[in-house]
Amino acid sequence: MEVQAFVADETWVPAVDFTDHEDSLLTGTVSFPLPSFLTADEALSMVESTDRLLAWATAMKMSALARVEEAIGEESPRRQENQPVRFGGDEAHALAVSEVSTACALSRGTAARLVNDAADLTTSQWGILEAVEAGEISEAHARIILDQVRSLPAEQAENFAAAALQRTRTRQGRRRTPSELRACLGRLRESLHPESLAARKASARRERGVWFSPEPDGMCTLSAFLTAEVGMAIFNGLDRDARLASARAAEPGALPGAFAVPGPDAPPESGTAPDSRTLLELRADAFTYRFLGASDESGSGAFRAEVVVTIPVGLVLGYGAEPVETLATAELKAAELQAVEFQAAELEGYGPVDAATARRLAAIAPAWQRLFIDCTTGQALGVGRAAYRPPKALRRYLYYRDGTCRFPGCTCRAAACEPDHTIEWQDGGATDAGNLAMLCRRHHALKSIGAWSYRQSSPTGDLEWRSPLGREYSTEAADFGKALYPPKEPEPPPF
């Protein structure tokens with residue numbers, strides 16, 4: 001690759017000529033302005049343009065990877081004829097993986113994943129590849145869609161992929177982050193899977209377990225594969241312990257070391273040093289204390305953590321335990337899928353759970369919290385209050401309405417966020433649902449210093465954000481099961 005610099009309008013602009021070696025098949029020239037001469041907005045535009053270029057290059061790479069395997073199969077590489085057939089008869093695939101691995105300096109596993117992805121993207125999932133080539137989605141978005149597609153039977157995969165591509169953007173056109181897309185597609189997948197969630201959970205539950213992996217520097221990773229409701233209860237309990245410990249450490253005169261389990265060679269704790277542990281560290285210490293330590297706290301012992309489940313009334317009454325039959329038909333078009341309402345319970349912080357689990361959690365709940373849902377939009381309704389600090393009922397409503405931090409692309413859970421007055425209290429803003437939104441601490445700070453601003457554009461809590469560079473983004477309230485995209489009216493037939 002050669003870089004040739006020339007002057008245009010008194011600005012140095014590098015021209016990159018792609019001829020990295022004599023037999024290179026990559027030729028052409030790409031020009032970008034020198035970043036040091038750009039404004040912040042222009043530099044961000046250059047980042048966006050570069051992303052589109054990378055997406056196009058990724059699509060070309062995937063097409064070429066698929067051709068490697070296809071061509072090896074056509075060219076019939078020589079082999080010892082007296083040798084038995086290896087690799088289950090798929091020798092072309094094994095040879096392609098070995099060639100890609102060595103040529104690109106990749107591990108065998110990484111090379112195999114790329115070859116498999118390329119094969120799917122150039123055959124059954126070519127629509128995803130076209131979206132990557134056009135720069136509409138990134139490689140990360142494409143991989144999330146592929147992973148979900150592969151978990152569905154073939155007759156549902158095509159419809160899912162078409163609907164998933166539409167869901168890469170919100171109703172108002174903002175492109176979702178990979179984390180947002182993963183959560184959104186999880187709900188769509190549940191609505192399409194022909195096997196009930198309860199049956200799949202029963203099968204997956206047999207794979208539960210706990211694993212230990214040694215790590216450098218005297219550390220380890222302890223992993224557990226558990227049912228979602230059990231895992232969320234444990235995590236929420238650890239998170240509650242950690243936040244309480246963090247709050248106590250911030251009190252005047254507090255001593256550090258809550259949830260500390262020092263080893264035999266650990267230096268003694270200083271009673272005057274400030275406690276600078278992060279929330280992650282505090283969760284890890286709470287985990288250790290719950291299993292090994294004898295805490296003096298009154299809340300020690302079995303977790304009494306809150307597990308929040310949004311449950312459609314029909315599930316509590318015993319309806320909706322099975323998937324809608326029409327969802328399993330191969331002829332169902334993507335446009336029709338968007339009109340289907342999937343009445344699944346949602347475990348906060350995880351996603352859809354089966355009806356039996358939802359009813360069991362409802363039965364053991366110590367109290368019920370009423371959440372009113374708009375039957376048309378699937379979004380929560382308001383519960384106005386007039387006070388500076390939102391009362392508990394209003395805060396709970398905001399948790400459910402917002403679901404996550406409302407900053408564009410942020411997936412921090414609402415329960416770990418802070419309520420923010422859209423119009424500041426000191427400027428006359430009221431403390432009601434129409435003037436409150438949940439923001440994580442970082443994005444709350446960005447808004448508070450005036451760098452980012454937003455306004456509520458609808459009674460249901462849709463926000464319109466404005467960045468320091470004047471760019472506009474939108475975020476929507478959490479969805480509780482209604483289709484995100486209404487079906488389009490059919491066009492009249494031509495005369």
Side-chain angles (χ1 to χ4, degrees), residues 39-52 54-55 131 135-145 164-188 346 348-349 351 377-380 398-424 429 433-480 482 484-485:
T39 66
D41 189 65
E42 290 170 342
L44 192 55
S45 295
M46 181 173 171
V47 171
E48 293 174 322
S49 298
T50 305
D51 279 342
R52 289 193 291 273
L54 291 174
E136 297 171 359
I137 62 174
S138 68
E139 182 180 5
H141 292 90
R143 181 161 293 117
I144 288 170
I145 298 175
L165 284 173
Q166 287 190 315
R167 282 160 171 77
T168 58
R169 293 189 177 270
T170 65
R171 294 191 305 270
Q172 298 179 359
R174 179 181 62 83
R175 187 166 62 169
R176 286 188 165 97
T177 67
S179 296
E180 289 179 296
L181 181 63
R182 185 180 290 107
C184 177
L185 296 189
R187 294 189 291 269
L188 177 63
E346 290 266 343
E348 181 182 320
T377 65
Q379 294 174 333
L398 293 171
Y399 291 167
Y400 295 149
R401 186 197 70 180
D402 292 353
T404 63
C405 169
R406 293 300 303 281
F407 188 85
C410 185
T411 56
C412 178
R413 291 193 302 157
C417 295
E418 305 165 342
D420 171 68
H421 288 76
T422 308
I423 300 174
E424 298 292 349
N435 192 51
L436 290 170
M438 301 304 296
L439 299 179
C440 68
R441 184 168 296 181
R442 175 181 294 274
H443 294 134
H444 194 175
L446 288 177
K447 188 262 185 182
S448 296
I449 64 175
W452 284 75
S453 62
Y454 70 87
R455 68 181 185 90
Q456 301 215 20
S457 58
S458 74
T460 53
D462 290 351
L463 306 184
E464 293 182 359
W465 285 84
R466 187 177 181 84
S467 79
L469 298 179
R471 296 177 174 236
E472 296 183 351
Y473 305 89
S474 62
T475 62
E476 297 88 27
D479 179 76
F480 286 92
K482 286 287 184 179
L484 292 179
Y485 304 90

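- Using a distance-only test at 3.5 Å, with no hydrogens or angles considered, a donor-acceptor pair links the side chain of Ser457 to the main chain of Asp462.
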Evaluation steps, side chain to side chain contact (heavy atoms under 4.5 Å, CB included), between Thr170 and Arg176: CA-CA 7 Å; Thr170 65; Arg176 286 188 165 97; 3.9 Å; yes
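- For Thr422 and Tyr454, the side-chain atoms include at least one donor-acceptor pair closer than 3.5 Å.
- Between the His141 side chain and the Leu165 main chain, no donor and acceptor come within less than 3.5 Å of each other.
- Rounding to the nearest 0.5 Å places CE of Met46 at 11.5 Å from CG of Asp51.
- Heavy atoms only, all atoms of each residue included: Glu476 and Arg171 are closest at CG-NH2, 3.2 Å.
- The distance from atom CD1 of Ile449 to atom NE2 of His444, rounded to the nearest 0.5 Å, is 11.5 Å.
- Taking CD of Glu418 as the reference point, atom CZ of Arg441 lies at 5.0 Å (rounded to 0.5 Å).
- Not one N or O on the side chain of Ser179 forms a donor-acceptor pair closer than 3.5 Å with the backbone of Thr411.
- We find the OG1-CZ distance between Thr177 and Arg182 to be 9.0 Å, quoted to the nearest 0.5 Å.
- Side-chain atoms of Asp402 come within 3.5 Å of backbone N or O of Met438 as a donor-acceptor pair.
- A donor-acceptor contact shorter than 3.5 Å is absent between the side chain of Asp420 and the backbone of Ala437.
- For the pair Gly409 and Arg174, the tightest heavy-atom approach, listed with the atom from each and the gap, is N-NH1, 3.4 Å.
- The main-chain N or O of Ala433 is found under 3.5 Å from a side-chain atom of Arg401 such that the two form a donor-acceptor pair.
- With Gln456 contributing its side chain and Leu436 its backbone, the two residues share a donor-acceptor pair below 3.5 Å.
- Under the 3.5 Å distance criterion, with hydrogens and angles disregarded, no donor-acceptor pair is assigned to the side chains of Arg143 and Ser138.
- The nearest pair of heavy atoms linking Leu398 to Pro419 is CD1-CB, 4.4 Å.
- Note that CZ of Arg406 is 4.0 Å distant from CG of Leu463, once rounded to the nearest 0.5 Å.
- Across every non-hydrogen atom of Glu48 and Arg471, the tightest pair is OE2-NH1, 3.0 Å.
- The aromatic rings of Trp452 and Phe407 stand perpendicular to each other, their planes meeting at an angle above 60°, with 30° marking the opposite boundary.
- In this structure, OG in Ser453 is found 11.0 Å from CD in Glu464, a value given to the nearest 0.5 Å.
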